[in-house]
Number of protein chains: 2
Amino acid sequence: MSSDGPKQALFAGFAELAKALAHGHRLEILEVLAQGERSVEVLAGRIGLPVANVSQHLRLMRRAGLLASRRSGKHVFYRPSDPAVLELTAALRRVAERNSSEVREVIGGYFRARDSFEPVSRKELMRRLKDDSATVLDVRPDDEFAAGHLPGAVNIPLRDLERRLRELPRSREIVAYCRGPWCVLAFEAVALLRRRGLKARRLEDGFPEWKQSGLPTA
Amino acid sequence: MSSDGPKQALFAGFAELAKALAHGHRLEILEVLAQGERSVEVLAGRIGLPVANVSQHLRLMRRAGLLASRRSGKHVFYRPSDPAVLELTAALRRVAERNSSEVREVIGGYFRARDSFEPVSRKELMRRLKDDSATVLDVRPDDEFAAGHLPGAVNIPLRDLERRLRELPRSREIVAYCRGPWCVLAFEAVALLRRRGLKARRLEDGFPEWKQSGLPTA
DNA sequence: CGATCATTCAATATAATGATTGAGTAAGAG
DNA sequence: CTCTTACTCAATCATTATATTGAATGATCG
């Protein structure tokens, strides 16, 4: 795995870590785990892959040092081994947004169309929470909501949003969020709400970023 | 390259970027390029690989968005496309230092032995530059020194250090630095200087980090 | 223009990675 | 103790990555 000198050995070690990140499914797994620890089975269901395959990816990431796991009864729960792991994925995202033509294309094509208005910053949302001038909507699945969410947030998973529209105020502005800056759920939610005539905007990123920036959670 | 939804397309794009980082030689190339732009040939010589091989790696990284290039006469010069790229490699390093057992082993085995005293922080070095209580030693090759260095630094490439020892003061403390936090050159330099009875310590990281933190350069 | 130099491209062999399948293991339930 | 559940491991095959070689391109210089 390592060549001769300590220099090469170090770079090989860094490269191992990067390899562990270098797969779409693994990044997707990491995004879900950023919401809170999960069992292999739940993860597999969430991202639509066979359990054995997810188990392989998890093992690889654990070996590389990205993940930690604990056993509780029949279940094994995985989680990011370190907050620095989330900073690493954030750094990856930032570079990709700005410098990867493929990524910029997707952003320009899909996301831009659904987000004609500016997203709400964390700071601005904090202000609006204080003077109670916005309804915060969490569109993640309920188990992720249960593992932690923004203070005062209402949880309506995206798949239920259409038939539970009446639970939302028509006059107040709604701020939707989900797993992270490019999580599709919040984009879809905002688009749906606007089509139905509600005032909706999107939080600039998701729950993990909110939590990591030290803001209060529930 | 991308599967169905925009979500998968995005993750695939992020993964492409991570793949471009996921090779020891490519990280080594990036470390050199972090010092300043370089031609393919010089790079190949610096890290000891065939030119064609380096060219392949460079093309791959440029396509992924990590690098930019410009042609000048017969030479093509490559450089990191964005300061965020260096932040990304720094994030990778941080996670590896703390969570990769392989990396921790190399650090514990090789580097720790050569660095029994604490490294000097950028802040501390700034203070000591102001009251002129330390000699700053840049042990990188002269072309990297020429492309930018710490103010007042003396350049003695590591390979010349032994025979140019008399150029260094025996009474003042010497602070050595090179390309980055785990660059071997500075470690070796400090070890050599101490063996010869000089007072030497290592800067906590290298020139790119100094520059990126906004401190003055020459 | 032809020679030379720096770089890239194309072709190839070798090696590593990823998904799938089915068997294996650990913990709890009955 | 056996059965079920949740996960991991091992083996396979298809795909993709890497290094090497030699040929092709692009730019300068005599």
Side-chain angles (χ1 to χ4, degrees), chain A residues 1-4 8 11-13 15-30 32-33 37-64 66-79 102 143, chain B residues 1-4 8 11-13 15-30 32-33 37-64 66-79 102 143:
Chain A
M1 199 61 67
S2 63
S3 59
D4 50 334
Q8 276 72 19
F11 280 120
E16 279 306 303
L17 240 204
K19 259 185 220 169
L21 286 175
H23 194 287
H25 291 156
R26 290 199 285 271
L27 292 171
E28 213 173 335
I29 289 172
L30 222 37
V32 176
L33 292 182
E37 62 173 16
R38 288 286 173 279
S39 71
V40 181
E41 201 185 21
V42 169
L43 265 174
R46 187 78 21 112
I47 67 180
L49 285 179
V51 173
N53 191 359
V54 171
S55 176
Q56 306 270 45
H57 285 304
L58 291 169
R59 181 174 63 107
L60 195 154
M61 287 195 276
R62 189 183 45 195
R63 284 200 178 174
L66 287 174
L67 300 181
S69 64
R70 80 184 167 87
R71 177 152 214 144
S72 168
K74 290 199 254 190
H75 297 264
V76 177
F77 292 93
Y78 282 85
R79 63 180 182 282
E102 297 174 30
D143 62 323
Chain B
M1 200 57 69
S2 63
S3 61
D4 49 335
Q8 276 72 21
F11 280 120
E16 278 307 302
L17 240 204
K19 257 183 221 168
L21 286 175
H23 194 287
H25 291 155
R26 289 198 287 271
L27 292 172
E28 212 173 334
I29 288 172
L30 263 180
V32 176
L33 293 182
E37 64 172 16
R38 287 286 173 278
S39 71
V40 181
E41 199 184 23
V42 168
L43 264 174
R46 187 78 21 111
I47 68 181
L49 284 178
V51 173
N53 191 358
V54 172
S55 176
Q56 306 270 45
H57 285 304
L58 290 169
R59 181 173 64 107
L60 195 154
M61 288 194 276
R62 189 184 44 194
R63 283 200 178 172
L66 286 174
L67 300 182
S69 64
R70 80 184 169 87
R71 176 151 215 147
S72 169
K74 291 199 250 189
H75 297 264
V76 177
F77 292 92
Y78 283 86
R79 62 179 182 282
E102 296 175 31
D143 62 323

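Note that the structure is predicted; figures quoted are calculated from it, not measured. First the proteins, then the strands, lettered A, B, ... as listed; each starts at 1.
Closest approach to the A:His75 side chain among D:dC9, D:dT21, D:dA6 is made by D:dA6 (side chain taken as heavy atoms from C-beta onward). Of all nucleotides listed (D:dT5, D:dT8, D:dA11), D:dA11 comes nearest to the side chain of A:Gln56. Distance from the side chain of A:Lys74 is smallest to D:dA6 among D:dA6, D:dT28, D:dA17.
Here D:dT8 presents its P atom at 12 Å from CE of A:Met61, a figure rounded to the nearest Å. In this structure, the CG atom of B:Leu21 is 12 Å from the P atom of D:dT18, given to the nearest Å. B:Arg59 places its CZ atom 13 Å from the P atom of D:dA19, with the value rounded to the nearest Å. Taking atom CZ of B:Arg63 as the reference point, atom P of D:dA17 lies 12 Å away to the nearest angstrom. For the pair B:Leu27 CG and D:dT18 P, the computed distance is 12 Å after rounding to whole Å.
Residues B:Lys19 and B:Leu60 are not in side-chain contact: their nearest non-hydrogen atoms beyond the backbone lie 4.5 Å or more apart.
The distance from the CG atom of A:Leu58 to the CG atom of A:Leu67 is 6.5 Å, given to the nearest 0.5 Å. Rounded to the nearest 0.5 Å, atoms CG (A:Leu21) and CE (A:Met61) are 8.5 Å apart. With values rounded to the nearest 0.5 angstrom, A:Phe11 atom CZ is found 13.5 Å from B:Arg26 atom CZ. Within the model, atoms CD of A:Glu37 and OH of A:Tyr78 stand 12.0 Å from one another, a figure rounded to the nearest 0.5 Å.
Of all heavy-atom pairs between A:Ala18 and B:Ala22, the closest is CB-CA, 3.7 Å.
Contact annotation for B:Phe77: no contact, since no heavy-atom pair falls under 4.0 Å across all strands.
Of all nucleotides in DNA chain C, those with any atom nearer than 4.0 Å to a heavy atom of chain A start and finish, going 5' to 3', at C:dT17 to C:dG28.
Taking the nucleotide of DNA chain C with the nearest heavy atom to each of A:Asn53 and A:Gly73, the more 5' of the two is matched to A:Asn53. With the nearest nucleotide of DNA chain C identified for both A:Ala52 and B:Leu58, B:Leu58 has the one nearer the 5' end.
For the pair A:Tyr78 and D:dT8, the criterion of a side-chain N or O lying under 4.0 Å from OP1 or OP2 is met. Residue B:His57 places no side-chain N or O under 4.0 Å from the OP1 or OP2 atom of D:dT20. The phosphate of D:dC7 (OP1 or OP2) has no side-chain N or O of A:Ser55 nearer than 4.0 angstrom. For the pair B:His25 and D:dT18, the criterion of a side-chain N or O lying under 4.0 Å from OP1 or OP2 is not met.
Ring geometry for B:His57 against B:His23 counts as tilted: the plane angle lies between 30° and 60°, on a 0 to 90° scale.
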